[in-house]
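Worth knowing before you read on, the calculation uses all heavy atoms, side chains too, and leaves out hydrogens, waters and symmetry mates.
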Amino acid sequence: MEEEKPWVLISEVGGDHGYLEELADIVKQHFRIICHKELLENPELHGPKIQALLNWKYCPVVEPTLLRLLPALKVVASGGVGVDHLDVPFINSLGVKVTNTPRVVSDSTADLAMGLLLASARRILEGHQVAIDPKTVHIPQRLMGVQVTNATIGIIGMGEIGYKIAQRAKGFDMKIVYHNRRRRSAEDERAVGATFCQSLDELLGTSDFVMIAVKFTPETRGLIGHRELSIMKPTATLINISRGQVVDQDALVEALQSGSIQAAALDVTHPEPLPRDHPLLGLHNVLITPHIGINTFTTARQMVEKMVRNAVAAVEGSPVPDEVKLQ
């Protein structure tokens, strides 16, 4: 039975970039797994048999040298929504489909976005350090945070994730403004109490918390730079769950050091991880998490299940549910 299954290339099982055993078991139900290291040890034997490649947390890196080893490849099934790490036109030119996993990542990413907002506003990490410090004998009054209830959140990018952030912000009685390429329907706006800003500048100048939830595209690269940061309130916090390249990090460091803005909370940087001597790592008003927006067991399982469904469909020649088709 194992020999009858189509072959799939993955990064590894276990390790820093690999699949948890329970996730690998989902793949094994439909495919014979070949790990990247195995392929490289004997590319002539394994390469021609591989029909699907599962790209989990950007691994294995899908580059031309790898693709040339896989003449029978039919699909690159990527986990997550963004495909900026894949050269989709080039992959398609080889007759290979590209898929992603929309919808399953939105809730966990929106949860983390609100977690970053709350942790930064209420200085939760600093409070934890005080609470566990063996030198602490009294609670200092300096740990004053920022009120979240009734504050204004400006969401840049009101797609599926941005909208779910708005739903959560409504639960905190926040005033919600947003800027998007396309305005949401009046029904969508009423449901969360959101107000559309015609310009990004309008949003930046009125928001206490600026939440970046855009897709990473050539148009959004460097979207937030010196000028945009200078428009924000000096009491405002910048939160980024999009991609690190959307923000000019040098400009962000300058804004945080000068007090042009109050704080930043980032789940994404460029590169990831940052060099250990990067100035962002030494600032007291920065909270950074290591790109963990989708890191829940529920989401990971749903993502792998969707990746497998897409890959199976492509291998069988059936309609592919989540094929990425560039405009």
If we only count heavy atoms from C-beta on, is the [X] to [Y] side-chain gap below 4.5 Å?
X      : Y      : answer
Val27  : Val8   : yes
Leu112 : Ile292 : yes
Phe196 : Met158 : no
Leu252 : Leu266 : yes
Ile153 : Val177 : no
Met114 : Ile165 : yes

Go through the structure and list residues passing side-chain hydrogen bond (donor to acceptor under 3.5 Å, both in side chains) with [X], not counting sequence neighbours.
X      : result
Glu254 : none
Arg227 : Asp201
Asn295 : Lys57

Is there a donor-acceptor pair closer than 3.5 Å between any side-chain N or O of Lys5 and the backbone N or O of Arg32?
->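 Not a single qualifying donor-acceptor pair exists.
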Between Glu228 (side chain) and Gly225 (backbone), is there a donor-acceptor pair under 3.5 Å?
->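 Side chain of Glu228 to backbone of Gly225, a donor-acceptor pair under 3.5 Å: yes, one is there.
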Regarding Ser185 and Glu187, is there a side-chain donor-to-acceptor distance under 3.5 Å anywhere?
-> no
Does a side chain donor of either Thr289 or Asp267 reach within less than 3.5 Å of an acceptor in the other side chain?
->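 Checked: Thr289/Asp267 side chains pair up, N/O donor to acceptor below 3.5 Å.
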ring-ring contact (aromatic ring centres under 6.0 Å, His included) filter on His36, not counting sequence neighbours, yields none
Excluding sequence neighbours, so at least two apart, what forms ring-ring contact (aromatic ring centres under 6.0 Å, His included) with His226?
->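 Applying ring-ring contact (aromatic ring centres under 6.0 Å, His included) to His226 gives none.
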Restricting to salt bridge (charged side-chain N to carboxylate O under 4.0 Å, His left out), what partner residues turn up for [X], sequence neighbours left out?
X      : result
Arg181 : none
Glu323 : Lys97
Arg68  : none
Glu189 : Arg183

Trp7 and Phe31 aromatic centres sub-6.0 Å =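 No: the rings miss the under 6.0 Å criterion.
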Decide if atom CZ of Arg309 counts as having more than 12 heavy atoms of other residues, nucleotides or ligands within a radius under 6.0 Å.
->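 Enclosed.
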If you draw a 6.0 Å radius around CZ in Phe297, do more than 12 non-hydrogen atoms from other residues or ligands fall strictly inside?
->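 No, not enclosed.
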Identify every side-chain donor-acceptor pair in residues 208-215 under 3.5 Å, counting partners at least two apart or on other chains, and give the distances.
| from | atom 1 | to | atom 2 | distance (Å) |
| --- | --- | --- | --- | --- |
| Asp208 | OD1 | Lys233 | NZ | 3.0 |
| Asp208 | OD2 | Thr152 | N | 2.8 |

Which heavy-atom pair separates [X] from [Y] by the least distance, and what is that distance?
X      : Y      : answer
Asn100 : Pro102 : OD1-CD, 3.2 Å
Ile161 : Ala110 : O-CB, 4.3 Å
Thr101 : Gly79  : OG1-C, 3.8 Å
Ser106 : Lys164 : CB-CD, 3.5 Å
Thr237 : Ser120 : CG2-OG, 3.8 Å
Pro60  : Ser11  : CD-N, 3.6 Å

Would Arg184 count as a cation-pi partner of Tyr163, with NZ or CZ less than 6.0 Å from the six-membered ring centre and within 45° of the ring normal?
->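 Yes, a cation-pi geometry.
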If you round to the nearest 0.5 Å, how far is OG of Ser78 from CG of Asp322?
-> 11.5 Å
Counting only pairs under 3.5 Å, give me each side-chain donor-acceptor contact of residues 128-146, with atom names and distances, residues two or more places apart or in other chains.
| from | atom 1 | to | atom 2 | distance (Å) |
| --- | --- | --- | --- | --- |
| Asp133 | OD1 | Lys135 | N | 2.9 |
| Thr136 | OG1 | Val130 | O | 2.6 |
| Thr136 | OG1 | Asp133 | O | 3.4 |

Side chain to side chain contact (heavy atoms under 4.5 Å, CB included) assessment of Val148 paired with Met174 | CA-CA 7 Å; Val148 173; Met174 301 185 81; 3.9 Å; yes
Flag yes if Ile50 and Val98 sit in one hydrophobic cluster, no otherwise; membership is Ile, Leu, Val, Met, Phe, Trp, Tyr, and two members link when side-chain heavy atoms are under 4.5 Å apart.
->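 Same cluster: Ile50 reaches Val98 through Ile, Leu, Val, Met, Phe, Trp or Tyr contacts under 4.5 Å.
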Among the clusters formed by ILVMFWY side chains lying less than 4.5 Å apart, do Leu20 and Ile10 turn up in the same one?
->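 Leu20 clusters together with Ile10.
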Name the atoms and distances for all side-chain donor-acceptor pairs under 3.5 Å in residues 273-286, with sequence neighbours left out.
| from | atom 1 | to | atom 2 | distance (Å) |
| --- | --- | --- | --- | --- |
| Arg276 | NE | Leu274 | O | 3.2 |
| Arg276 | NH2 | Leu274 | O | 2.9 |
| His278 | ND1 | Leu280 | N | 3.1 |
| Asn285 | ND2 | Leu256 | O | 3.3 |
| Asn285 | ND2 | Gln262 | O | 3.1 |

